[in-house]
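Working notes, structure below.
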Amino acid sequence: MLGAARRQLGSGPMLGQVLRRLRPAAAASTEAARGYSSAAKEITVRDALNSALDEEMSADPSVFLMGEEVGEYQGAYKITKGLLDKYGPDRVLDTPITEAGFTGIGVGAAYQGLRPVIEFMTFNFSMQAIDHIINSAAKSNYMSAGQINVPIVFRGPNGAAAGVGAQHSQCYAAWFAHVPGLKVLAPYSSEDARGLLKAAIRDPDPVVFLENELLYGESFPVSDEVLDSSFALPIGKAKIEREGKDVTITAFSKMVGYALQAAEILSKEGISAEVINLRSIRPLDRAAINASVRKTNRLVTLEEGFPQHGVGAEIWFSFSPHHINNLCSKNYFNTYMPYFAACLL
């Protein structure tokens with residue numbers, strides 16, 4: 001996307017002008033763009049995930065954690081902090097560096113009615129366990145004619161982080177969303193992280209839970225309802241983070257923040273952008289997207305994965321040829337692309 005923006009804008013004054021507009025706007029309007037109440041309590045995404053794990057383990061003794069450094073070290077990103085002391089080594093299991101091994105053990109445990117939460121230090125390492133995730137976890141319910149459920153969660157950081165190489169920077173949303181039998185979730189805010197992780201642990205099917213390392217330390221307002229131990233978000237439902245009437249922007253995970261920043265800049269140009277936080281990649285809330293695009297007649301999809309066969313491609317081709325012709329117009333690209341280029345830079 002950034003390369004395309006540079007081809008359209010060059011490196012001259014237009015791109016620089018957009019960047020100058022973004023920098024003060026982003027700092028001043030982050031909370032307003034998110035659409036949250038300033039009166040709400042704030043918690044970090046890290047604490048939201050930690051509290052969700054703690055409460056689900058407390059409520060259901062069949063839930064256990066397994067992965068590299070989840071116990072003694074309290075998690076590579078401290079998501080599992082304090083859980084070993086509270087629940088002991090039988091339910092918080094440190095493993096060797098062998099993703100294929102502990103993922104296979106987790107799938108077998110799920111076959112027997114337990115609810116494992118498998119942590120990958122990064123989802124790039126899930127490639128070592130891809131056979132167990134797809135052929136064992138995702139397909140077992142279908143191949144057993146519904147007799148076997150596999151209630152397992154695969155979670156960890158996904159996508160690019162700071163200062164890591166190409167083999168540690170991939171977004172796996174489209175990879176796993178391609179597979180029948182998997183549910184794929186990608187939280188953005190603390191509410192998303194807490195509510196979706198609880199839903200994932202309670203779900204009878206395998207769930208791939210794609211977090212973002214750069215979001216762990218970000219704080220978001222949450223309501224008392226979100227902090228209630230019974231709270232969970234429905235899988236397969238998107239959230240309209242910001243209402244608008246001129247253009248629909250879909251995004252997930254960290255890209256939602258960029259979409260909200262771009263929408264704030266667009267508003268100063270008299271353009272009203274509706275921002276949809278997908279939350280769930282599979283199943284995809286097509287109804288929410290369709291309703292928004294029927295209102296705005298324009299769509300921008302935003303993601304950090306590879307452009308070919310991505311989540312955005314799946315969304316685009318949900319629409320009729322008439323809609324696609326509108327969405328692909330060159331004038332539309334030239335109008336909106338600078339704002340996303342500015343956010344990504």
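Computed from a predicted model, the values in this text were never measured in an experiment.
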Distance from L278 atom CG to K239 atom NZ, nearest 0.5 Å? 13.5 Å
Treating S190 as the side-chain partner and I43 as the backbone partner, does any N or O pair qualify as donor plus acceptor under 3.5 Å? yes
Let me confirm one number: the OG-CZ distance from S292 to R298, rounded to the nearest 0.5 Å. 12.0 Å
Side-chain touch M127/W175, heavy atoms, less than 4.5 angstrom: yes
Looking only at heavy atoms, what is the nearest atom pair of G217 and T44, with distance? O-CG2, 3.8 Å
Spacing of NZ belonging to K183 relative to CG belonging to L196, to within rounding of 0.5 Å: 12.0 Å
Rounded to the nearest 0.5 Å, how far apart are CZ of R194 and OG of S229? 7.5 Å
For the pair S189 (side chain) and D192 (backbone), establish whether a donor and an acceptor sit closer than 3.5 Å, ignoring hydrogens and angles. yes
Using a cut-off of 6.0 Å, state whether more than 12 heavy atoms not belonging to E225 lie near its atom CD. no
Compute the ring centroids of F220 and Y188, then answer whether they are less than 6.0 Å apart. yes
Taking the six-membered ring of Y73 as reference, does the NZ or CZ atom of K81 fall below 6.0 Å from its centre and within a 45° cone about the axis? no
Would you say T103's side chain and A100's backbone share a donor-acceptor pair under 3.5 angstrom? no
Can you hop from V179 to I148 via hydrophobic side chains spaced under 4.5 Å? yes
Side-chain donor/acceptor of R155 to backbone N/O of V117, under 3.5 Å: no
Other residues, nucleotides and ligands only: do more than 12 of their heavy atoms fall within 6.0 Å of CG on D228? yes
Heavy-atom side-chain proximity of F154 to F176 below 4.5 angstrom: no
With distance as the sole test, does R242 use its side chain to make a donor-acceptor pair with the main-chain N or O of S272 at under 3.5 Å? no
Using a 4.5 Å cut-off on heavy atoms from C-beta on, say whether the side chain of M57 contacts that of L83. yes
Cluster partners of M121, using ILVMFWY side-chain heavy atoms under 4.5 angstrom, listed by chain and number? F125
Is F120 linked to L214 within one hydrophobic cluster, defined over Ile, Leu, Val, Met, Phe, Trp and Tyr using a side-chain heavy-atom separation of less than 4.5 Å? no
Look at the side chain of E303 and the backbone N and O of G312, then say whether any donor-acceptor pair between them is shorter than 3.5 Å. yes
Could you check whether any side-chain N or O of D94 sits under 3.5 Å from a backbone N or O of G71, counting only pairs where one atom can act as donor and the other as acceptor? yes
Would you call R279-E191 a salt bridge at under 4.0 Å N-O? yes
Donor-acceptor pair, N158 side chain versus Y172 backbone, under 3.5 Å? yes
Which atom pair, heavy atoms only, marks the closest approach of P151 to P116? O-CD, 3.4 Å
Check step by step if side chain to side chain contact (heavy atoms under 4.5 Å, CB included) holds for S253 and L215. CA-CA 8 Å; S253 189; L215 287 175; 4.2 Å; yes
Quick check against the 3.5 Å criterion: does T80 have a side-chain atom that pairs as donor or acceptor with the backbone of Q74? yes
Between I133 and S126, is there a side-chain heavy-atom distance shorter than 4.5 Å? yes
Nearest 0.5 angstrom please: I281 CD1 to L210 CG, how far? 7.5 Å
Taking T250 for the side chain and I276 for the main chain, is one N or O donor matched with an acceptor at less than 3.5 Å? no
With side chain to side chain contact (heavy atoms under 4.5 Å, CB included) as the test, pick out the partner of I79 among L49, L197, V70, L65. L49
Salt bridge or not for K254 and E213, using N-O below 4.0 Å? no
Fit a plane to each ring of Y216 and Y77, take the angle between them on a 0 to 90° scale, and name the class: parallel (under 30°), tilted (30 to 60°) or perpendicular (over 60°). tilted
Set out, in order, the CA-CA distance, both residues' side-chain angles and the distance that settles side-chain hydrogen bond (donor to acceptor under 3.5 Å, both in side chains) for D205 and N141, then state yes or no. CA-CA 8 Å; D205 298 313; N141 186 262; 4.7 Å; no
Nearest non-hydrogen partners of L84 and E72, listed with the distance: CD2-N, 3.6 Å
